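Per chain, numbering begins at 1; letters A, B, ... match sequence-line order. Bear in mind the structure is a predicted one, so any value in this text is a computation, not a measurement. Values below: every heavy atom of this structure, side chains too, minus hydrogens, waters and symmetry copies.
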Amino acid sequence: MRATEYLIPTLRETPAEAEVASHRLLLKAGFIRQSASGVYTLMPLAHRVLLKIINIVREEMNREGGQEILLPIIQPGELWLKSGRWDVYGPELFRLKDRHGRDFCLGPTHEEIITELVRGDLRSYKQLPILLYQIQNKYRDERRPRFGLLRGREFIMKDLYSFDRDEAGLEISYRKMYEAYHRVFSRCGLKFRPVEADSGPIGGSVSHEFMVLAGAGEAIVLYCQHDPCGYAANVEKAKSPATRPQTPEDPQPLEVVHTPGQRTVEDVTSYLGIDPERIVKTLLYETDRGLFAALVRGDRELNEVKLQNAIGAVHLEMAGAETIRRVTGAPVGFTGPVGLHGVELVVDEEVANMVNCITGANQADAHYRNVNPGRDFKVDRITDLRLVHEGDPCPHCGRPLAMARGIEVGQVFKLGTKYSEAMGLTYLDEHGAEKLVVMGCYGIGVTRTLAAAVEQHHDEHGIVWPAAIAPFTVVVVPVNVRDEVQATLAEQAYEMLSAAGVEVLLDDRAERPGVKFKDADLVGYPLRITVGKTAGEGLLELRVRRTGESRLVPLADLVGAVQSLLGDDR
RNA sequence: CGGGAUGUAGCUCAGUUUGGUAGAGCGCACGGUUCGGGACCGUGAGGUCGCAGGUUCAAGUCCUGUCAUCCCGACCA
């Protein structure tokens with residue numbers, strides 16, 4: 001490919017709206033252009049990268065027996081009503097009507113349509129397992145699209161769905177995908193970490209997310225640095241052992257303390273001169289399952305996802321001042337479990353262990369001292385509600401957990417029978433009994449992976465593509481295209497590399513060398529071949545983008561030198 | 001959806017306070033000189049100032065509405 005015949009519209013100045021590195025560099029280097037908020041055109045360079053990532057994904061899916069299909073992006077609303085998600089999915093779902101007024105949506109995911117598909121053709125256990133996947137545009141009307149390709153409203157995903165006869169079969173499919181994901185992201189040249197993930201209030205049991213470690217990541221990961229342990233989870237899922245009171249105490253009689261204007265845990269601790277571990281925070285939540293109070297220790301933070309799972313709620317929101325006054329009879333800051341009616345109490349394990357703690361008294365300017373769970377209030381439910389922080393002990397080995405930010409590029413998920421039950425997907429087993437199919441789903445954000453690669457591989461000059469997904473692996477730069485010797489040598493180098501199957505771009509533009517060097521660094525070709533002052537001696541300069549190291553090679557040795565360098569890079 | 005900000009040339013921005021003929025740099029086209037890290041000189045093209053109303057002799061500038069985009073938060077089976 002020749003630069004004069006190829007659209008690589010690099011910009012000298014960075015478009016103002018771009019904040020994170022991948023967004024900024026992809027715009028500046030001419031890979032993407034924005035069409036609407038969260039909607040982008042992939043230019044020729046980005047499209048080449050995309051195809052490479054897709055090829056890797058496709059090879060690894062096929063290797064595990066995945067069969068590729070194309071599913072409709074426009075999906076009938078009827079199917080979503082059947083699964084119950086037409087109402088649950090909310091405004092994230094892009095909805096539309098056809099000319100007859102029938103409801104449709106743009107698929108944000110494809111469980112419904114694929115379950116329906118398989119239902120039509122699956123009869124016998126002999127047909128199982130089935131692994132089907134598609135790589136297509138998906139649509140989610142995000143409240144706030146951001147960071148360029150990292151969180152768009154239109155994006156490309158690979159989704160594979162597994163259909164098995166039982167849990168044991170699902171376990172095999174799950175493991176296959178888990179291994180395949182390792183290979184996919186390794187081959188893409190990414191540093192990543194699989195972590196235990198929350199599977200949501202509805203749906204199955206086990207889930208892992210694959211995180212590309214990068215500062216711009218929106219997800220927070222906690223992991224154990226101790227090697228053989230290897231515990232890692234995203235912050236919603238992360239656990240840490242509950243602590244018990246150090247010194248045993250006898251329960252003391254309940255008493256009221258006057259605490260004028262002391263609303264926060266900080267206020268109360270300093271006012272009463274006590275540790276926050278002695279306080280119990282009572283947080284009121286309004287949910288689709290009713291009103292709940294969550295109790296955590298004063299020095300802890302509530303993990304809303306854990307609360308949501310504990311009570312099986314889909315939506316949950318902290319109660320406002322109005323509700324708090326109505327329910328507790330007191331202003332915000334004095335809520336407590338003692339004498340609280342009409343609200344289910346969800347109690348963190350740590351709180352259940354506490355003796356003689358401080359809580360709000362459900363009246364203005366007052367707290368209770370010597371509150372004891374079980375004695376002074378009824379504990380409706382005990383569970384883990386704590387948000388884990390960096391430094392908290394690992395649930396497996398007790399060593400302090402480390403924290404990192406990550407970009408979620410893939411998730412593997414045991415769905416179980418959620419969709420097969422809702423959609424009536426069954427088969428007959430060898431005894432002629434009708435059984436529910438056990439499903440799994442496995443997604444990879446392809447466009448997000450592209451952006452994540454840039455996030456992880458760039459420097460102050462531009463992108464530094466891993467060789468396996470670079471748009472071109474080599475750029476040949478003649479310093480002066482009007483110099484006959486240079487032009488001819490560059491042409492020869494280009495022909496030889498092309499013939500050897502190397503993906504090479506010849507920068508034959510009549511630009512000054514500085515411009516071409518800057519562009520080469522910006523676009524991020526792993527290798528650059530400069531044809532310049534040593535052209536007369538038949539020598540070309542081979543330079544590695546990542547390290548900046550360079551050396552002179554004669555034309556005859558060029559292909560070998562390039563291939564060995566690419567070998568190192570992979 | 002709450003908070004903040006911005007819409008003027010392809011890009012980055014000035015001009016808005018105090019209403020009076022639309023600006024700069026980069027990029028682009030043409031000519032010339034240059035040619036190993038975003039050259040220089042000259043000439044030129046390019047804008048219904050986001051959109052719609054209103055005030056005024058006169059609106060990029062003032063008023064009202066509206067749309068779009070970005071950032072923070074909330075949200076993210």
Could you go over nucleotides 68-70 of chain B and give all protein N or O partners under 3.5 Å, atom names and distances?
from	atom 1	to	atom 2	distance (Å)
B:U69	OP1	A:Ser37	N	2.9
B:U69	O3'	A:Gln34	NE2	3.4
B:C70	OP1	A:Gln34	NE2	3.0
B:C70	OP2	A:Ser37	OG	2.9
B:C70	O3'	A:Glu17	O	3.4

Any N or O donor-acceptor pair linking the side chain of [X] to the base of [N] at under 3.5 Å?
X        : N     : value
A:Asn480 : B:G36 : no
A:Glu13  : B:G25 : yes
A:Glu511 : B:G38 : no

Protein-nucleotide distance ([X], atom [atom1]; [N], atom [atom2]), rounded to Å:
X        : N     : atom1 : atom2 : answer
A:Ile8   : B:G27 : CD1   : C1'   : 17 Å
A:Arg509 : B:G38 : CZ    : C1'   : 11 Å
A:Glu286 : B:C75 : CD    : C1'   : 17 Å
A:Trp80  : B:A77 : CH2   : P     : 12 Å
A:Trp86  : B:A77 : CH2   : C1'   : 16 Å
A:Arg140 : B:A77 : CZ    : P     : 8 Å

Note: A:Glu142-A:Arg151 ion pair, threshold 4.0 Å (strictly below):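 Here A:Glu142 pairs with A:Arg151 in a salt bridge, since their nearest N and O are under 4.0 Å apart.
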
Pairing of A:Asp519 and A:Arg509 as salt bridge, 4.0 angstrom limit: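 Between A:Arg509 and A:Asp519 there is a salt bridge, with a charged N closer than 4.0 Å to a carboxylate O.
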
Enumerate the residues from residues 130-138 of chain A whose closest heavy atom to RNA chain B is under 4.0 Å, giving them by residue number; use none for an empty result.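 Hits under 4.0 Å, by residue number: none.
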
Check whether any side-chain N or O of A:Arg85 sits under 4.0 Å from OP1 or OP2 of B:A77, and answer yes or no.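 Looking at the OP1 and OP2 atoms of B:A77, neither is under 4.0 Å from any side-chain N or O of A:Arg85.
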
Below 4.0 angstrom from OP1 or OP2 of B:A39, is there any side-chain N or O of A:Arg512?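 Yes.
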
Can A:Tyr285 and A:Glu304 be said to form a side-chain hydrogen bond (donor to acceptor under 3.5 Å, both in side chains), step by step? CA-CA 10 Å; A:Tyr285 275 86; A:Glu304 291 192 352; 2.7 Å; yes

Taking ring pair (Phe, Tyr, Trp, His ring centres under 6.0 Å) as the test, write out the residues that go with [X], two or more places apart.
X        : result
A:His110 : none
A:Phe155 : none
A:Phe472 : A:Tyr6

If you look at every strand shown and take non-hydrogen atoms under 4.0 Å, does A:Arg151 touch a base, only sugar-phosphate, or nothing?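 Contact class for A:Arg151: base.
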
Can you check the distance between B:C11 and B:U18, where both ends of the measurement are the C1' atom (answer in whole Å)?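 Taking atom C1' in both B:C11 and B:U18, they lie 31 Å apart.
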
Sort me out a list of protein N/O and nucleotides 40-44 of chain B N/O pairs below 3.5 Å, or just none if empty.
none

